[in-house]
Structure formats: C-alpha cells, structure tokens
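Working notes, beginning with the structure itself.
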Amino acid sequence: MWEALTAVLPYCPVCDVSYVFSGATDDRAGSRMRKGMRFVCVPGRLDGAPPPQDAVAGVVVDWVAQRSVGTRLEVASETWRTGIELADAGEGSTRVTVTVTHESRGGNGLVRALQRKALRRTVQQTVDSELMKLPDHIRQATKDSSGSSPVERGSSSFEREATGRVLHLRGEVDAPTVRRLQLPRVLEESEVVAIDVRELAYIDSSAFAPLLRWAQRTSRAGRRAVIRGTNPGFDETLGVMGLTSAFIRER
C-alpha cells in the first residue's frame, strides 16, 4: 500500500499527471522523498519536456515512512493541503485516511462564507475520487515492481447489431487512453447498446465516470446498460467502486 501511494514516478498513468521533484536524482522520487521537498505537477505526460512556468507548485510538508505523507499546493489565491495516513487494520488490511483542506487567500469574509458550502462539496468529491483510485494505484505499483510490460495499448471498436452498436474495449484502458479514445464523447454520441469487456486487460477509475453516465442515460431511456464478456478483473473493480448494480452483466 505504501509503495502504491508514494513511489512517485515522473508520470502517473492513473492520475494522468506528470511530476517534477526538486533534488530527485532518479526516476522514482518516492525512494528519496523527504519533508521540505518541492515539486510541480502538470496534467498529461511531459516526456522529458520542462514544465510550464504556470505549473501548480507544491511542497511535501509531512513525511513519516510507512505511515504518513502530506503536501501543500499553491493554486492562484488558494492553498490546498492533502494528507494520507496509513494504519494497520488487522488481518492483512490497511486503513487509509485521506484528508483534504482548503484555505482561500484574499477576498472578504462574506465571499469566503458564500463559497464555503461549494468548497466542502469539492473537498468531499476530491477525497472520494482519491480513495476510488487506490485499487488502480495498487495494481500499477504491482505491475511496475514486477517489471512486466503492458499487455496491449488500450483500443476500441464498434460492432453493429440490429438494436444498435456494441463498443468493444481492449487492452489497458487508463486515463490517457480514455482521453485518446474520447470515451465520454463516444458513449454520449453513439447509439451504444452494450459494452464488451472480454478482451479488456486493465481499466482504471477514470473510465468509470463516462461508463456510469452512459448507464444512467440508458436507464432513463428505458433500456438496459449491458456489459458483456467474462472478465473477473473488471467485475472486481465494479465491486470495489460499488457500481455492480449500475450495469446488467451478460457473460
């Protein structure tokens, strides 16, 4: 668990974010992480290019190996603090606590009061999103440590049926693949009656938002949101995210 959360690489495919750490002497910044280390983070993959001047900057404010890590991000007139704490929950389990706080710099008290409710929702959504990504980070860390290469770059295709189109997802569908395949737009604009996952090797949490929206639209239209094909890994991820009941599974 600790490895999954702190082995910071130059690019995280789960979050689709690139990191540049000051003073890091190897590709795995987490191996030399320390309190006071500064960093910038950029959406997408940098591939060795320097980060833009306006990249979000942060600093590691807490670091206790195998126990806790905390960061502070400075964004415009706002400060965001994120903390992750690990604790033994017994029987081989780990309790993960994620804390996100927000502080607005500048502006008057009335404006801050009006914004407070919306910010609470944003903070809660951020915490929920990070917790949902944990299974993906664990799988990614396991794959990195084993030295195995991706099974297949994520791809998709359509098959026409009498009632509509079946979307086939193949290989590894991570955050960059979701963006490259334009999955949200494809699911919204195409008459998709089912999604086939039998050739899907890996899917991370970023893909489930468009899948869930597709299921909700399909249900409102009085149709079934069908997921086809035997795929234990996909079903396990559905269960972890609490989305099993959102789809009809056909083997």
Side-chain angles (χ1 to χ4, degrees), residues 1-24 28-46 49-87 94-138 140-141 174-176 178-179 204-206 208-209 241:
M1 181 69 73
W2 179 256
E3 179 76 6
L5 291 170
T6 61
V8 183
L9 297 172
Y11 173 72
C12 175
V14 175
C15 303
D16 191 24
V17 172
S18 294
Y19 298 92
V20 178
F21 280 79
S22 63
R28 192 173 287 268
S31 64
R32 296 178 180 273
M33 189 78 76
R34 63 184 182 277
K35 185 175 180 179
M37 179 179 259
R38 303 196 66 84
F39 63 92
V40 297
C41 48
V42 182
R45 189 188 292 269
L46 284 175
Q53 293 294 322
D54 60 349
V56 175
V59 61
V60 178
V61 295
D62 175 43
W63 179 263
V64 180
Q66 306 295 325
R67 180 179 172 185
S68 64
V69 58
T71 61
R72 184 180 71 240
L73 293 179
E74 306 291 344
V75 184
S77 60
E78 302 173 331
T79 299
W80 290 86
R81 298 174 184 267
T82 301
I84 300 175
E85 296 184 4
L86 305 184
T94 302
R95 184 174 66 250
V96 180
T97 304
V98 179
T99 305
V100 177
T101 60
H102 169 272
E103 177 185 348
S104 179
R105 305 191 308 274
N108 59 52
L110 176 60
V111 171
R112 290 197 295 271
L114 293 173
Q115 292 175 335
R116 192 168 294 127
K117 187 174 182 179
L119 286 170
R120 284 199 190 101
R121 288 197 301 269
T122 299
V123 168
Q124 185 62 58
Q125 290 169 358
T126 301
V127 172
D128 292 343
S129 174
E130 292 305 310
L131 288 174
M132 288 172 65
K133 290 177 183 177
L134 276 178
D136 301 324
H137 281 291
I138 292 171
Q140 186 67 35
D174 53 15
V178 170
R179 188 176 64 248
D204 77 7
S205 55
S206 64
F208 279 95
M241 300 181 70

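From a predicted model like this one, the values you see are computed outputs, not experimental measurements. For the single chain, residues carry numbers from 1 onward in sequence order.
- Contact of the Glu78 side chain with the His102 side chain is registered, since non-hydrogen atoms from C-beta on lie closer than 4.5 Å.
- A heavy-atom distance below 4.5 Å is found between the side chains of Phe208 and Met241.
- Nearest approach of Gly58 to Leu73, heavy atoms of both residues: CA-CD2, 3.8 Å.
- Nearest approach of Asp204 to Asp174, heavy atoms of both residues: OD2-CA, 3.5 Å.
- Scanning all heavy atoms of the two residues, the minimum distance from Tyr11 to Ser18 falls at CD1-OG, 3.5 Å.
- In this structure, the salt bridge (Lys or Arg N to Asp or Glu O under 4.0 Å) partners of Arg45, at least two apart in sequence or on a different chain, are Asp47.
- Val61 approaches Arg72 most closely through the heavy-atom pair CG1-NH1, 3.5 Å.
- Under 3.5 Å, the side chains of Thr79 and Glu74 contain a donor-acceptor pair of N or O atoms.
- For Val17, the side chain to side chain contact (heavy atoms under 4.5 Å, CB included) criterion is met by Cys15, Tyr19, Cys41, not counting sequence neighbours.
- The heavy-atom pair separating Val59 from Phe39 by the smallest distance is N-CE2, 3.5 Å.
- Asp62 places none of its side-chain heavy atoms less than 4.5 Å from the side chain of Val69.
- Residues passing the side chain to side chain contact (heavy atoms under 4.5 Å, CB included) test with Ala55 are Val40, Val42, Pro51, Pro52, sequence neighbours excluded.
- The one candidate from Thr101, Thr99, Thr71 that meets the side-chain contact (heavy atoms from CB on, under 4.5 Å) condition with Thr82 is Thr71.
- Residues Met37 and Phe21 come closest through the heavy atom pair SD-CD2, 3.2 Å.
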